[in-house]
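Reviewing the structure listed below.
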Amino acid sequence: MPKISWKLSNIREQVSIIDGHAAPNIVLKNAKYLHSMMKSWATGNIWISNDRIVYVGKEMPANIEGTEVVDLAGKVVVPGYIEPHVHPFQLYNPHSFAEFSAQTGTTTFISDNMTLVSLMKNKKAFSFMDELAKLPFSFYWWSRFDSQTELENERELYSNASVLEWLDRHDVLLGGELTGWPRLMRGDDQMLYWIQAAKHKGKKIEGHLPGASEKTLAKMRLLGVDGDHESMTIEDIEARILHGYAVTLRYSSIRPDLPHLLKAVVDKGYEIFDHLMMTTDGSTPSFHEDGVMDKCIRAALEAGVRPVDAYNMASYNVARYYNMTNLHGLLATGRYANINILADEHSPTPEAVISKGVWLKRDNTDLKAFPEVDLSLFGDLKIDFDLHEGDFQFSMPIGVEMVNDVITKPYSIKNFGHYQHTLSTDHDESYLMLVDRNGKWRINTMIKGFATHVSGFASSYSNTGDIILIGKSVQDMQYAFQELKKMNGGIVLVEDNQIVTSIPLTLAGSIYDGTVDEVIPLELALKSALKKRGYHHTDAIYTLLFLQSTHLPYIRITTRGIFDVMKNKVMLPAVMR
């Protein structure tokens, strides 16, 4: 359960407001507001003292000396939205994405800790999280139990001591997501111990079970999994609900399933909305041009979901599931003052936003009230090595074929051993390299299905922060690497020794040092340029992220080498430089 932050003196002062001995900071009067527990609309006045709601009801405070009184007659008020499954490092970072999301009414994140674990020691990560907690925004976290790829230092990053330190924090609400669940099924008692430790501390366990059979769902429930966000069909939802899972539905840049899934739930007449939540599941920046959780609510309304249920799925249901309705998800006495003011119940993008008692948006205007935080702790990527002719030897017999944005399978490379500096654009095979960010090792193979006309492409944005090179031309791949080196990290597309487009990622080589609004056009330009050169999938950013991710079938290029996910073994090892 989240920690209560108010001191005894704060609480005494809040109580004194009820007696008229002190005045609230803000009163929202004549508000038509959603009472999430009663699942109905009520009219009344909301008193706010600093970051807390101290009263909701028909009364006005006896003392309003210095109080800002706002008449909301004709408006609709709902709780701030909660994003329950945030991957906060998709080019953006937790601070920049929170600042952006708050403008569309999302005032609370439950966030993935994987990038923090991979980039820094726990002490530094916890210090950063503590700084974020001071913002007019509510941050909560997951504790990962696995790296989602194959790492030589996995046991160091996810040691028993480290994971238990994470689980001891009040702002860590769950363990997972369990991308490494096959290990659990094979008898990994360390992971099972962490699951039990989390549950003894009152935390939830989030699965990652795409396409799971009924028996797998039953086994994972017995092993301790409470919820899952991988439903892709109405049958997936039915199976999870029947086994007592909490179900989170996705509306993301690679899995925009939410609209058709909710339409199916409505059409079947299932009264299960109290057990459903929604997420954008780490979508890339441009997906959010039209919102975050407000986008999900809008899709729910369009699918025929009742407004009360649609808003509860993005607020109260999440708070209830994570045992924090004493603070979140409800416009009632004692909760955080996280409040969205809407034109009407069918318009989920708010005209005004209050988060922890601070006006962040008013009259559809960003008030620029979101403080900065120091992001320098992420460091930078200093590439202090060069790639030479001998590094570009592509003689692997097995290549990686893209089935879609994120699923890859092995294929036999034709003309194996016939190395050329330039490949034809008549086919969709390209050279693929993964290079250690410190230059210690490399993996060279081919990728089929990425593009037909990408000449040189380099990215330090990857699952592990190592460097991905793709292209038809060894010369342009080498040039792209040199440009990446000058940028101190990022993504760059090159053609004929000229930069076509790029995204600088100067924080740790994988994070944009700026706002979400600034990175969106850069991402769109990159995707457009790749599409013109034959990339026909949906989201290239996710392709880069998941090339190394062993939680998806069937073959991955990892720090250990080319890895067969289904057989759980290295097919071809990395080459030391």
Side-chain angles (χ1 to χ4, degrees), residues 23-36 41-57 60-61 64 66-83 95-109 135-138 288-298 300-301 307-308 310-312 314-316 319 327-333 335-371 515-517:
N25 300 98
I26 301 171
V27 170
L28 307 177
K29 72 175 186 178
N30 299 321
K32 177 186 175 182
Y33 67 95
L34 174 62
H35 196 288
S36 305
W41 301 96
T43 302
N45 307 310
I46 303 170
W47 310 359
I48 300 169
S49 175
N50 297 317
D51 60 352
R52 196 179 196 190
I53 297 172
V54 297
Y55 173 87
V56 181
M60 282 290 287
I64 56 171
T67 300
E68 179 184 10
V69 179
V70 182
D71 192 340
L72 294 183
K75 303 297 182 183
V76 167
V77 183
V78 297
Y81 310 140
I82 306 172
E83 225 299 5
H95 176 270
S96 63
F97 192 43
E99 182 177 25
F100 176 86
S101 299
Q103 292 300 305
T104 55
T106 299
T107 57
T108 303
F109 282 170
L135 295 171
F137 197 89
S138 299
H288 294 292
E289 284 187 297
D290 54 350
V292 186
M293 292 310 295
D294 59 318
K295 179 172 182 169
C296 293
I297 297 167
R298 193 177 305 113
L301 295 172
V308 168
Y311 287 104
N312 275 0
S315 55
Y316 183 65
L327 297 175
H328 294 282
L330 189 63
L331 295 176
T333 301
R335 277 66 181 183
Y336 276 125
N338 296 341
I339 298 169
N340 290 332
I341 300 169
L342 316 179
D344 57 65
E345 64 190 63
H346 297 285
S347 304
T349 303
E351 298 179 341
V353 177
I354 298 173
S355 184
K356 288 186 176 177
V358 177
W359 289 98
L360 297 181
K361 180 181 183 181
R362 202 158 183 180
D363 298 324
N364 291 307
T365 301
D366 183 349
L367 299 183
K368 306 297 181 183
F370 212 85
T515 68
V516 175
D517 286 322

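What you are looking at is a predicted structure, and each value in this text was computed from that prediction instead of being measured.
Side chain of Tyr311 to backbone of Glu345: a donor-acceptor contact under 3.5 angstrom is found. The backbone N or O of Pro136 sits less than 3.5 Å from a side-chain atom of Ser355, completing a donor-acceptor pair. Looking at Asn45, its side chain does come within 3.5 Å of a backbone N or O of Asn30 through a donor-acceptor pair. Within the 3.5 Å criterion, the main-chain N or O of Thr333 finds a donor-acceptor partner in the side chain of Arg335. Not a single donor-acceptor pair under 3.5 Å links the side chain of Asp294 to the backbone N or O of Pro348. With hydrogens and angles disregarded, a donor-acceptor distance shorter than 3.5 Å links the side chain of Asp344 to the backbone of His346. Judged by distance alone, with hydrogens and angles left aside, the side-chain atoms of Lys356 form no donor-acceptor pair with the main-chain N or O of Asp51 at under 3.5 Å. Ser36 contributes no side-chain N or O that, together with a main-chain N or O of Leu330, makes up a donor-acceptor pair within less than 3.5 Å. A donor-acceptor pair is defined here as one N or O able to donate and one able to accept, closer than 3.5 Å; no such pair exists between the side chain of Glu99 and the backbone of Ala369.
Within the 4.5 Å cutoff, the side chain of Tyr55 has no heavy atoms near those of the Pro24 side chain. Annotation: side chain of Ile26 is in contact with side chain of Trp359 (closest heavy-atom distance under 4.5 Å). No side-chain heavy atom of Thr515 sits less than 4.5 Å from a side-chain heavy atom of Ser96. Side-chain contact between Arg362 and Val70: present, with at least one pair of heavy atoms (C-beta onward) separated by less than 4.5 Å.
Here the CG atom belonging to Asn338 is positioned 12.5 Å from the OH atom belonging to Tyr81, to the nearest 0.5 angstrom. Atom-to-atom distance recorded for Ile354:CD1 and Ile341:CD1 is 5.0 Å, nearest 0.5 angstrom. From Leu28, atom CG reaches atom CD1 of Ile48 across 4.5 Å, with rounding to the nearest 0.5 Å. Between the CG atom of Leu72 and the NZ atom of Lys32 there is a distance of 13.0 Å, given to the nearest 0.5 Å. Rounding to the nearest 0.5 angstrom, the gap separating the CH2 atom in Trp41 from the NE2 atom in His35 is 12.5 Å.
Taking the side-chain contact (heavy atoms from CB on, under 4.5 Å) definition, one finds that Ser101 meets it with Phe97, Thr106, Phe109, Val292, sequence neighbours left out. Applying the side-chain contact (heavy atoms from CB on, under 4.5 Å) rule to Asp290 yields the partners Lys295; only residues at least two apart in sequence or on another chain are considered.
Between His288 and Phe100, the two ring planes are perpendicular [angle over 60°; tilted spans 30° to 60°].
A centroid separation of less than 6.0 Å is found between the aromatic rings of Phe370 and His95.
Atom CG of Leu367 has more than 12 neighbouring heavy atoms from other residues, nucleotides or ligands inside a 6.0 Å radius.
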